[in-house]
Amino acid sequence: MDQINFKKIFLDSLGELQGLLQIPSVYDEKTVSGQMPYGEGSWRVLDYMREMGLKYWNMIITLLQSVWKQKKSGWMWFPI
């Protein structure tokens, strides 16, 4: 099994957090619409967070599947 590179995961996450913080997320009445009730910036932040959630959810599921396969094969691996 491949080793999990926690440093890479941390650095990737940090980069994504920096990207999130660069999105202007205050209420903008000029860009309010039916789909974006608080303006474009707020909508972009929520969409960005949704994408990050899906990415990390899939990463967690993959990790758990790996642990489950190893448990079934007779040994257990703890990522901590």
Side-chain angles (χ1 to χ4, degrees):
M1 186 184 121
D2 295 334
Q3 283 283 20
I4 296 174
N5 187 340
F6 289 104
K7 183 175 182 178
K8 180 180 180 339
I9 293 170
F10 173 78
L11 293 175
D12 289 348
S13 300
L14 186 61
E16 289 175 350
L17 178 61
Q18 289 171 339
L20 175 68
L21 294 174
Q22 291 177 4
I23 300 172
S25 59
V26 295
Y27 175 76
D28 181 7
E29 65 183 49
K30 290 180 257 172
T31 59
V32 168
S33 69
Q35 182 182 5
M36 302 179 285
Y38 296 100
E40 182 182 357
S42 297
W43 182 82
R44 286 181 49 217
V45 165
L46 291 172
D47 190 53
Y48 191 93
M49 290 298 295
R50 182 185 61 81
E51 290 295 323
M52 283 179 51
L54 290 172
K55 175 182 176 181
Y56 287 102
W57 176 255
N58 290 334
M59 187 184 304
I60 290 168
I61 294 300
T62 301
L63 176 63
L64 291 175
Q65 287 172 339
S66 172
V67 169
W68 177 252
K69 286 177 188 174
Q70 292 172 10
K71 183 177 180 183
K72 287 176 71 175
S73 69
W75 64 281
M76 187 66 177
W77 174 79
F78 293 96
I80 298 174

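Computed from heavy atoms alone, side chains included, the values below leave out hydrogens, waters and symmetry copies. Quick caveat: nothing in here was measured; it's all calculated off a predicted structure.
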Quick one: list whatever passes side-chain contact (heavy atoms from CB on, under 4.5 Å) with I61, sequence neighbours left out.
-> W57, Q65

What are the two closest non-hydrogen atoms of S25 and V45, and how far apart are they?
-> CB-CG2, 3.4 Å

Answer yes or no: is there a side-chain heavy-atom contact under 4.5 Å between Q18 and L14?
-> yes

Out of T31, V32, D28, which residue meets the side-chain contact (heavy atoms from CB on, under 4.5 Å) rule with E40?
-> T31

Given the rule that I, L, V, M, F, W and Y join up when any side-chain heavy atoms are under 4.5 Å apart, are W43 and I23 in one cluster?
-> no

List in chain and number order the residues that pass side chain to side chain donor-acceptor pair (under 3.5 Å) with K30, two or more places apart in sequence or in another chain; answer none if no residue qualifies.
-> none

Would the number of heavy atoms belonging to other residues, nucleotides or ligands and lying under 6.0 Å from OH of Y38 be above 12?
-> no

Linking I/L/V/M/F/W/Y whenever their side-chain heavy atoms sit closer than 4.5 Å, directly or via other members, would M49 and L21 fall into one cluster?
-> yes

Honestly curious: do F6 and Y56 fall in one hydrophobic cluster under the side-chain, below-4.5 Å linking rule?
-> yes

Heavy-atom side-chain contact between K8 and D12 under 4.5 Å = yes

Could R44 and D47 be called an ion pair, given the rule that one side-chain N must be under 4.0 Å from one carboxylate O?
-> no

Give the cluster check for Y48 versus L17: same hydrophobic cluster or not, with ILVMFWY residues linked at side-chain heavy-atom distances below 4.5 Å.
-> yes

